Number of protein chains: 2
Amino acid sequence: MIITPKNPNETNREYAFRVISDNIISLDIVPGSMIGEQEVASELGLSRTPVHEALLELSKSKIVDILPQKGCLVSMIDPDLIREARFLRITVETALVEDSCELAKETDLQDLEENLQLQEFYLQKDPLKLLTLDNDFHKIIYRICNKMQCHYMVSLMSMHFDRVRSLSLHSVKDLKIVSDHRAIFEAIKKKDPAAARAAFQKHMARFELDWNIISSEYKQYISDSNK
Amino acid sequence: MIITPKNPNETNREYAFRVISDNIISLDIVPGSMIGEQEVASELGLSRTPVHEALLELSKSKIVDILPQKGCLVSMIDPDLIREARFLRITVETALVEDSCELAKETDLQDLEENLQLQEFYLQKDPLKLLTLDNDFHKIIYRICNKMQCHYMVSLMSMHFDRVRSLSLHSVKDLKIVSDHRAIFEAIKKKDPAAARAAFQKHMARFELDWNIISSEYKQYISDSNK
DNA sequence: GCGTCGGCACTTGTATGGAAGTTAAAAATC
DNA sequence: GATTTTTAACTTCCATACAAGTGCCGACGC
């Protein structure tokens, strides 16, 4: 597991949650492996309590599965849950990009544009940074519509999705996400809901295509019941 | 706080979560009041740990607000969060009722019909039972579409909404929800997505109208920043 | 050799005490 | 009397200890 330093203003529980999440999404903790509270606590220099609470939260999105008196299983890649995460994101964010056309203020458009600039800068340089910027882009949309609580709920489930996306980041295709984002941005700027909707759905459709590649290439990580 | 007996196969944490949730939704714990872990733990005959973990989970949906070293504040009724909950439910479930037209099997239709029978039976008899059946009806839709994880996420946020709905249950208008449900059911049965969508949106639109009544009548429970 | 039982090593769930921080009232000072 | 400082009583957060359940592994009977 990759340990990052503790942010001074986060609690031990939040620290544990962040580190474990990052390691699961980056696949540094491999799907299907067991992790113990004590083991994680020792690595992070904490007691079991905050780690226990962090795992509890992760288990709510089924990204880990707590088996009482047995251990904590990092979930295998589960196509059903990925479909749910995709469904939720597409459904919610399609509605949001439409609403954004009305709601986006000038400063909001600036925030989106700044994010896009950075995306174009880091394109093909730093895939991990690009992933972060991608998430930020979508998050700004939620902020424009004043739906941050929805963002939290959706992002929890998206972990299933993010884990697969990081697998496919090496694929050249995914670099098209940046131009997708620009198309979405332009539509919002022009206050054209139909165009925004179309651009967003085109964006999300890419991940449908990738599924076949991923499932054949990373078979060992995929839940047995769905092969 | 109203204490219900502990279900034998639930953990202490799940027990605490259930009892606290129920009391918040039913307004037996009034919005804006502070509750302490120790206080709740004593009432339930538990230690602070499972109560702490239950409150932690509730704080994720902002239904309570944990103020470190101060206490746990049961959130005031917050129109913004209710709007988010409504938005999420409407957006997600509109998509689901459409999909249900394709996906619903014969047994699923039977489940829906049985639920409707019970709704009609308890109509004007037991408002609380009706609320449960209403939630069950929507839950069946999620199950038909194999989106139970989405259901969990949406239902967490819906607590804000449910709390207001219980206020308006005495209003005669709400008894129309049963006929709304039947209309949705009939549309799914006829595999008519457009009709299902229309019926569902009509259903959810009722709660928009109720808002004015509620906000004027229960002013004391509403968050100051939104009056 | 095979099946069963018992105990040990391990896990998570929970209880409890102390640490750190906030609040508000009491006490001291002006 | 008004204002500032201290202090005491509260809270959650976290560390630690114990309780309870699971599975493995060897011993034993057949």
Side-chain angles (χ1 to χ4, degrees), chain A residues 1 3-21 23-24 29-76, chain B residues 1 3 5-21 23-24 29-76 224:
Chain A
M1 191 166 71
I3 313 289
T4 52
K6 182 183 165 186
N7 190 323
N9 55 349
E10 70 189 348
T11 65
N12 290 348
R13 162 168 29 93
E14 291 164 339
Y15 173 51
F17 181 83
R18 179 171 59 79
V19 172
I20 299 169
S21 299
N23 277 277
I24 290 178
I29 298 177
V30 301
S33 64
M34 296 283 284
I35 55 178
E37 293 177 358
Q38 184 60 263
E39 167 198 354
V40 176
S42 301
E43 286 192 75
L44 295 178
L46 305 172
S47 82
R48 275 183 46 222
T49 306
V51 174
H52 177 67
E53 291 170 351
L55 289 173
L56 211 53
E57 184 177 349
L58 285 168
S59 75
K60 294 302 170 183
S61 57
K62 294 235 172 70
I63 198 70
V64 303
D65 193 5
I66 296 178
L67 310 172
Q69 280 75 41
K70 282 172 63 179
C72 185
L73 176 71
V74 177
S75 73
M76 298 290 273
Chain B
M1 191 166 71
I3 313 289
K6 182 182 165 186
N7 191 320
N9 54 349
E10 68 190 348
T11 64
N12 289 348
R13 163 167 31 91
E14 292 163 339
Y15 173 51
F17 181 83
R18 179 171 59 80
V19 172
I20 299 170
S21 298
N23 277 278
I24 290 177
I29 299 177
V30 300
S33 63
M34 297 283 285
I35 55 179
E37 292 177 358
Q38 182 62 265
E39 168 198 352
V40 176
S42 300
E43 286 193 75
L44 295 178
L46 305 172
S47 79
R48 295 188 334 259
T49 305
V51 174
H52 177 68
E53 291 170 351
L55 289 173
L56 212 54
E57 183 176 351
L58 285 169
S59 75
K60 294 304 171 185
S61 57
K62 292 233 172 67
I63 197 69
V64 303
D65 193 7
I66 295 178
L67 310 172
Q69 281 75 42
K70 278 172 65 180
C72 184
L73 175 71
V74 177
S75 74
M76 298 291 272
D224 278 340

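The shown structure was predicted, so the numbers you read here are calculated from the model rather than taken from an experiment.
The two residues A/G32 and A/M76 have their closest heavy-atom pair at CA-SD, 3.4 Å. Between B/P50 and B/A16, the closest heavy-atom pair is O-CB, 4.2 Å. Residues A/S33 and A/I29 come closest through the heavy atom pair OG-CG2, 3.5 Å.
Nucleotide C/dA15 holds its P atom 6 Å from the CG atom of B/L46, rounded to whole Å. Rounded to an integer number of Å, the gap from A/L73 CG to D/dG23 C1' is 16 Å. Rounded to an integer number of Å, the gap from B/E53 CD to D/dT12 P is 14 Å. As rounded to whole Å, 12 Å separates atom P of D/dC14 from atom CG of A/L44. With rounding to whole Å, B/K6 atom NZ is found 13 Å from C/dG13 atom P. Rounding to whole angstrom units, CD of residue B/E39 and P of D/dC10 are separated by 13 Å. Rounded to whole Å, the distance from CD on B/E14 to P on C/dT12 is 16 Å. Remark: P of D/dT11 and CD1 of B/I35 are 12 Å apart, rounded to the nearest angstrom.
Of all nucleotides listed (D/dG23, D/dT12, C/dA15), D/dT12 comes nearest to the side chain of B/P68. For B/H52, counting side-chain heavy atoms from C-beta on, the closest listed nucleotide (C/dT23, D/dC13, D/dT16) is D/dC13. Of the listed nucleotides (D/dT22, D/dA15, C/dG13), C/dG13 has the atom at the smallest distance from the side chain of B/R13.
The phosphate of D/dT16 has neither OP1 nor OP2 within less than 4.0 Å of any side-chain N or O from A/R48. An OP1 or OP2 oxygen of D/dA15 is reached within less than 4.0 angstrom by a side-chain nitrogen or oxygen of A/S47. Applying the 4.0 Å criterion to OP1 and OP2 of C/dT23, one finds that B/K70 has a side-chain N or O inside that range.
Side chain B/T11 to base C/dT14: no donor-acceptor pair is found below 3.5 Å. A donor and an acceptor atom sit less than 3.5 Å apart, one in the side chain of A/Q69 and one in the base of C/dT12.
Formation of a donor-acceptor pair under 3.5 Å by the A/Y15 side chain with backbone atoms of A/T4 is found in this model.
Note on A/L55: nothing from the nucleic acid sits closer than 4.0 angstrom, heavy atoms only.
The CG atom of B/L73 lies 6.0 Å from the CG atom of B/L67; values are rounded to the nearest 0.5 Å.
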